[in-house]
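Worth saying up front: this structure is predicted, and the values here are computed from it rather than measured. These values consider heavy atoms only, across backbone and side chains, with no hydrogens, waters or symmetry-generated copies. Just so you know, ligand 1 is whichever comes first in the structure, and atom 1 is the first atom listed for that ligand.
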Amino acid sequence: MKTIDKPNVVIVIFGATGDLSKRKLFPSIYRLYQSGKIGKDFAVIGLARRPWTNDIFREKVCESVQVADQEKENDLQAFASHFYYQPFDVTDTSSYNHLNTLLHELEGHYETDGNRIFYLAMAPEYFGSIAKEIEQNGLKDGAGWTRLVIEKPFGHDFESAKELNSQIRLAFDEDQIYRIDHYLGKEMVQNIEVIRFANGIFEHLWNNRFISNIQVTSSEKLGVEDRARYYDRSGATRDMVQNHMLQMVALLAMEPPIKLTPDEIRSEKVKVLRAMRNVEHEQVDDYFVRGQYGPGSLGKGYREEAPELENSTTETYVAGKVMIDNYRWAGVPFYIRTGKKMKEKSIKIVVEFKDIPMNLYYKHRAEKHPNLLVINIQPNEGITLHLNAKKAGVGSIAQPIQLSYTHSSIDGINTPEAYEKLIYDCIIGDTTNFTHWDEVAYSWKFVDAVLDAWSKKEPNFPNYPAGSMGPEAANRLLEKDGFHWWPILD
Ligand code: BG6
């Protein structure tokens, strides 16, 4: 029997020979298949320019699942038999006509009720025209629902994002558009809301009277790998801050929604993004620091990674102070930082509570050990509360202690991978963990101001060695406010 949480569907992937399909999409669909979250009646159509056949495609799908999950089970062949390939030219109408025929065939074969997902996992310059062709060639006119999934980047700045959005909106309604921000699929990012709103001890203190600052770090050891062309046009601000970092800030700062519906949650997030203080040109250095890695313990500098990067002024690191000018957060800095080729791979949030005025239990009364709530997103998943307690033995000396809760997971192996959750959400029509246009728009406006100010001044790059925690100036950003970055590893 078909149930609402397991609808049958045909997923059409544009860019099926690409890295994202191989690394994330195929293994995620496999896990949904294995855990029974996707009906047995499903099909995937892979589209790309290469002249592959169904057999080649299926082989690649099996390989990618094996690599991702070290999967050896024999249901792989059965799984892969649901995959079909069509060589595709996104600019050629006849490709869309063939796709239409194939869709109808597969819908008959698998009885998928006409439900269709079009997943755009390819170069963004084609997003608008593909959406238009899908509409004009009747591919949206199936018997069931149709959804469009769009990978980032969603535009290059506010204006281009707006243009792209209006192109897509000519063909699809907002509620049919699923803009991916894969951080919103991460277990512990989804947990932010629950930790906040399901615990009185946190929520009552979650404001400017009790919190001194919040630090959000997403550091990577990887460099640009083979994405130099994309990355050099993008840089860390567009690649990470406009989307992932600001989404985490929004979740940390939003008011409790009146209901757990996508619209209610989104409207609270949007209010936060609207309240972010705009960074004026002349103040950019007070709020943001940019960096680019040079040679260091993790190898070459950015400019040596590829010939075209030789004179690049693209930032591979950003640290920033985001001020949210509303009643709850006035005066509390949200510090964010993200970068490539940093010392550790870590995604972590540290909420620093205001300290008591003087500590009687430390030798030096000025010694401060403020309480911290640390939300570990990756590689470990869990939360740690930093408190002070009596040191065992004689006297009343305090020592910092930690209460920890760790998800029993090894870096995302047991918890569902972000993409797995997001694909599933799209199949069941839950838009909560996708970004609405309003969020995208406000985030772009905020980062555009920073990028615009930077564009007026040549940066002094490189300014941090590969394998470090970023440029010195990022430390000063906090020091001048009387704070410091908490270590990313406990
Ligand atoms: C992507 C960026 O959105 O996120 C990449 O384009 C970055 O440059 C990646 O490496 C980081 O994701 P995660 O899940 O490894 O933190």
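A cation-pi contact, defined as under 6.0 Å to the ring centre and within 45° of the axis, links Arg58 to Tyr84.
The minimum heavy-atom distance linking Trp486 with Val350 is given by the pair CD1-CG1, 3.6 Å. Nearest heavy-atom pair across Ser218 and Met240 is OG-CE, 3.5 Å.
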Pick out the protein N or O atoms lying less than 3.5 Å from any N or O of ligand 1, and list each pair with its distance.
unit_1, atom_1, unit_2, atom_2, d
ligand 1, 3 (O), Lys152, NZ, 2.8
ligand 1, 3 (O), His244, NE2, 2.7
ligand 1, 6 (O), Lys152, NZ, 2.7
ligand 1, 6 (O), Arg227, NH2, 2.8
ligand 1, 6 (O), Asp239, OD1, 2.6
ligand 1, 6 (O), Asp239, OD2, 3.3
ligand 1, 8 (O), Arg227, NH1, 2.9
ligand 1, 8 (O), Asp239, OD2, 2.6
ligand 1, 8 (O), Lys340, NZ, 2.7
ligand 1, 10 (O), Glu220, OE1, 2.6
ligand 1, 10 (O), Glu220, OE2, 3.1
ligand 1, 10 (O), Lys340, NZ, 3.0
ligand 1, 12 (O), His182, NE2, 3.1
ligand 1, 14 (O), His182, NE2, 2.8
ligand 1, 14 (O), Lys186, NZ, 2.5
ligand 1, 15 (O), Lys345, NZ, 2.9
ligand 1, 16 (O), Tyr183, OH, 2.5
ligand 1, 16 (O), Lys345, NZ, 2.7

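Ring-centre distance between Phe42 and Tyr33: below the 6.0 Å cut-off. Ring-centre distance between Phe57 and Phe26: below the 6.0 Å cut-off.
Partners of Arg233 according to the side-chain contact (heavy atoms from CB on, under 4.5 Å) rule, which considers only residues two or more places apart in sequence or in another chain, are His156.
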